[in-house]
Amino acid sequence: YGCQDDTIFCGIFDGHGPWGHYVAKAVRDALPPSLLCHWQEALTLASLIDGEKKLGDCRFDLWKQSYVAACAAVDDELRRSRRLDAVYSGSTALSVVKQGDLLVVANVGDSRAVLGTFTSDGGALAAVQLTVDFKPNLPSKSLTTTVSLVGHPCGIAAAAVADAAF
């Protein structure tokens with residue numbers, strides 16, 4: 001992802017409403033390049049301000065900032081679209097960026113990311129929930145940042161998992 005050997009992007013986009021499948025496809029097509037563009041801009045700005053040696057310490061913050069900006073840009077693009085009537089339609093967006101030993105998970109809507117990991121004794125596989133389902137009835141103080149992918153309140157949260165065997 002982004003011409004970097006150690007970076008991958010994966011996403012799931014689940015549409016709802018009469019035009020939901022079209023909204024999900026539009027988000028699928030728009031979010032990855034928008035995220036990459038915002039990340040490259042944030043990385044460039046951070047390197048100018050902080051220098052190369054501190055970038056490793058703020059990778060998670062750069063991805064988080066980039067996700068928030070990318071979701072807002074895609075949401076704005078969808079609202080202005082003349083091809084989609086998205087008044088009663090929308091899409092969830094659950095995506096993961098793995099960059100080296102950093103795993104960043106972002107969630108808009110009620111999709112859920114779960115990581116399978118072995119227990120400390122090495123025997124059983126255990127599920128670790130990485131995201132919270134963001135639904136309109138969730139108290140707003142629980143949201144990291146309010147973003148909507150077309151017309152309904154959602155949230156975006158990100159988590160970092162380091163030193164895990166992938």
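In what follows, residues are counted from 1 in the order of the sequence shown.
- A single hydrophobic cluster is seen to contain both Val128 and Leu103, as judged by linkage of ILVMFWY side chains at heavy-atom distances under 4.5 Å, directly or through other members.
- Rounding to the nearest 0.5 Å gives a distance of 10.5 Å between CG of Asp110 and CG of Leu94.
- At least one donor-acceptor pair under 3.5 Å links the side chain of Tyr1 to the backbone N or O of Pro32.
- More than 12 heavy atoms of other residues, nucleotides or ligands shown are found within 6.0 angstrom of CG on Leu84.
- The two residues Ser91 and His16 come nearest to each other via the heavy atoms N-CE1, 3.5 Å.
- The two residues Gly90 and Val23 make their nearest non-hydrogen contact at C-CG1, 3.7 Å.
- Between Gln40 atom CD and Leu35 atom CG the span is 9.5 Å, to the nearest 0.5 Å.
- Using modelled atom types, one side-chain atom of Thr131 and one backbone atom of Ala113 make a donor-acceptor pair closer than 3.5 Å.
- Going from atom CD of Glu41 over to atom CG of Leu36 covers 10.0 Å, rounded to the nearest 0.5 Å.
- Within 6.0 Å of CG on Asp5 lie no more than 12 heavy atoms contributed by other residues, nucleotides or ligands.
- Between Phe13 and Phe9, the angle of the ring planes stays under 30°, which puts this pair in the parallel group of the 30/60° scheme.
- With rounding to the nearest 0.5 Å, the separation of CH2 in Trp39 from CZ in Arg59 is 9.5 Å.
- Atom OH of Tyr67 and atom CG of Asn107 lie 10.5 Å apart (nearest 0.5 Å).
- Shown here for Ala42 and Leu62, the closest heavy-atom pair between the two residues is O-CD2, 3.7 Å.
- Closest of all the heavy-atom pairs between Ala30 and Glu77 is CB-OE2, 4.1 Å.
- Here the side chain of Lys98 pairs a donor or acceptor atom with the backbone of Gly100 at under 3.5 angstrom.
- For the pair Leu125 and Gly116, the tightest heavy-atom approach, listed with the atom from each and the gap, is CD1-C, 3.9 Å.
- Following chains of ILVMFWY side-chain contacts shorter than 4.5 Å, one cannot reach Val96 starting from Ile12, and the two form parts of different hydrophobic clusters.
- In this structure a side-chain-to-backbone donor-acceptor pair under 3.5 Å is present from Ser89 to Trp19.
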Worksheet item: Could you walk me through whether Val105 and Leu115 pass the side chain to side chain contact (heavy atoms under 4.5 Å, CB included) check?
Response: CA-CA 11 Å; Val105 182; Leu115 176 69; over 6 Å; no
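- The only member of Ser66, Cys71, Pro33 that meets side-chain contact (heavy atoms from CB on, under 4.5 Å) when paired with His38 is Ser66.
- To the nearest 0.5 Å, atoms CZ (Arg112) and OG1 (Thr92) are separated by 12.5 Å.
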